[in-house]
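Notes for the one structure printed next.
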Amino acid sequence: CMERKKAVVTGASRGIGRGIARILAREGYDLAISYSTKKEEGESLAKALSQEYGGTCFCFQASLEQPGAGVELLEKSTDALGGLDLLVNNAGVTRFENILDMTPEVFEVLSRLDFQNYILMMQAAARYMVRNRARGNLINITSTRGERAYAGDFLYGGLKAGLNRAIQSIALDLAPYGIRVNNVAPGATRIR
């Protein structure tokens, strides 16, 4: 019997993250998923995935815009799972913000959640993988909005563009350790 792979998926209580968690569970992964505010959705998904696919699915609350929350989530998840093969950075806030109207508070929250948290969680996951000689994967959900300009999209689109570029260098940094780093940049996505 092969040992089951272990994955962490942030922002999995709904939307794209929920779909990713479902596919990974179906493919035989044990999971740790996070939610920010949708506790019932997160917990019911974890229960459903365990029942439908027979694996383990832990569910943790994490406000990933808070300093240190992402690294804490990753440590809690790897402890619960007993390892880590895959991190899917998915949690984020999508919004349009005009340069004339943006507040420093909005700038801070989006910067932390949509950029800084992705980087710090990748760092923590990569350090774990290097320490444990795991040839794992880091996958980041970015956005097509990081690739072309829209009015009112300087902040979210700019952060996603920065993330796309940062991921390219991180992939080069981690290639010698057999750790793959990729981004997936969805456009508008229908939620079922």
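These values consider heavy atoms only, across backbone and side chains, with no hydrogens, waters or symmetry-generated copies.
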Q: Mind checking the CG-CE spacing from L64 to M121? Nearest 0.5 Å is all I need.
A: 6.0 Å

(Q) Please enumerate all residues that pass side-chain hydrogen bond (donor to acceptor under 3.5 Å, both in side chains) together with S169, with sequence neighbours excluded. (A) R165

Q: For the residue pair I139 and N183, establish whether any side-chain heavy-atom pair is separated by less than 4.5 Å.
A: no

Q: Could you check if a side-chain atom of T56 sits within less than 4.5 angstrom of a side-chain atom of L31, using non-hydrogen atoms only?
A: no

Q: List for me each residue that meets side-chain hydrogen bond (donor to acceptor under 3.5 Å, both in side chains) alongside E147, sequence neighbours excluded, and say none if there are none.
A: none

Q. Counting only N and O atoms by type, is there a donor-acceptor contact under 3.5 Å from the side chain of T103 to the main-chain atoms of V106?
A. yes

Q) Minimum heavy-atom separation for Y53 to A25, with atom names? A) CB-O, 3.5 Å

Q) Considering all heavy atoms of both residues, which atom of L138 and which atom of A126 are nearest to each other, and what is their separation? A) CD1-CB, 4.4 Å

Q. Does R148 make a cation-pi contact with Y150, if we ask for NZ or CZ under 6.0 Å from the ring centre and within 45° of the axis?
A. yes

Q. Quick one: does D30's side chain have a donor or acceptor within less than 3.5 Å of a partner on G55's backbone?
A. no

Q) Do the side chains of D173 and I179 get nearer than 4.5 Å, heavy atoms only? A) no

Q. Under 4.5 Å between side-chain heavy atoms, hopping through other hydrophobics if needed: is there a path connecting V130 to I170?
A. yes

Q.
Does this structure show an ion pair linking E27 with K5, if we count only N-O contacts that are shorter than 4.0 Å?
A. no

Q) So with a 6.0 Å cut-off around CD of Q168, is the heavy-atom count from everything else above 12? A) yes

Q) Is there a side-chain contact between C57 and I33 (heavy atoms, below 4.5 Å)? A) yes

Q. Applying the side-chain contact (heavy atoms from CB on, under 4.5 Å) test to L49, which of R18, R22, R26 qualifies?
A. R22

Q) Does the side chain of K47 reach to within under 4.5 Å of the side chain of S44, using non-hydrogen atoms? A) no

Q: Using the rule that two of Ile, Leu, Val, Met, Phe, Trp, Tyr join whenever any of their side-chain heavy atoms come within less than 4.5 Å, decide whether I141 and L120 are in one cluster.
A: no

**Q.** In one Ile/Leu/Val/Met/Phe/Trp/Tyr side-chain cluster, 4.5 Å: I119, L172
**A.** no

Q.
Would you compute the distance between atom CD of E43 and atom OH of Y35 and round it to the nearest 0.5 angstrom?
A. 5.0 Å

Q.
Quick check for you: to the nearest 0.5 Å, what is the distance between E65 atom CD and N117 atom CG?
A. 9.0 Å

Q) Once you round to the nearest 0.5 Å, how far does CE of M102 lie from CD of E97? A) 7.0 Å

Hey, can you pull the donor-acceptor pairs under 3.5 Å for the side chains in residues 82-94, sequence neighbours left out?
| residue | atom | partner | partner atom | Å |
| --- | --- | --- | --- | --- |
| D85 | OD2 | K6 | N | 2.8 |
| N89 | ND2 | Y118 | O | 3.1 |
| N89 | ND2 | N140 | OD1 | 2.9 |
| N90 | ND2 | T10 | O | 3.1 |
| N90 | ND2 | G11 | O | 2.9 |

Q: Could I get the full list of side chain to side chain contact (heavy atoms under 4.5 Å, CB included) partners for A161, not counting sequence neighbours?
A: none

**Q.** Nearest-0.5 Å distance that lies between atom CG in L73 and atom OG1 in T78
**A.** 9.0 Å

Q) Which pair of non-hydrogen atoms, one from G162 and one from F115, has the smallest distance, and what is that distance? A) C-CE1, 3.6 Å

Q. To the nearest 0.5 Å, how far apart are CZ in R14 and OG1 in T37?
A. 6.0 Å

Q) Quick one: does N132's side chain have a donor or acceptor within less than 3.5 Å of a partner on Y128's backbone? A) yes

Q) Does E108 come within less than 4.0 Å of R112, counting only side-chain N to carboxylate O? A) yes

Q.
I'd like to check N182 versus I167 (side-chain heavy atoms, cut-off strictly below 4.5 Å). Are they in contact?
A. no

Q: Give a yes or no on whether F96 atom CZ has more than 12 heavy-atom contacts from other residues, nucleotides or ligands under 6.0 Å away.
A: yes

Q.
Once side-chain hydrogen bond (donor to acceptor under 3.5 Å, both in side chains) is applied, do any residues pair with E75, and if so which ones, sequence neighbours excluded?
A. none

**Q.** Residues in side-chain hydrogen bond (donor to acceptor under 3.5 Å, both in side chains) contact with D114, at least two apart in sequence or another chain
**A.** none

Q) Do the non-hydrogen side-chain atoms of S143 and Y156 ever get within less than 4.5 Å of each other? A) yes

**Q.** In one Ile/Leu/Val/Met/Phe/Trp/Tyr side-chain cluster, 4.5 Å: L81, M129
**A.** yes

Q | F107 side chain reached by L155 side chain, heavy atoms, under 4.5 Å | A | yes

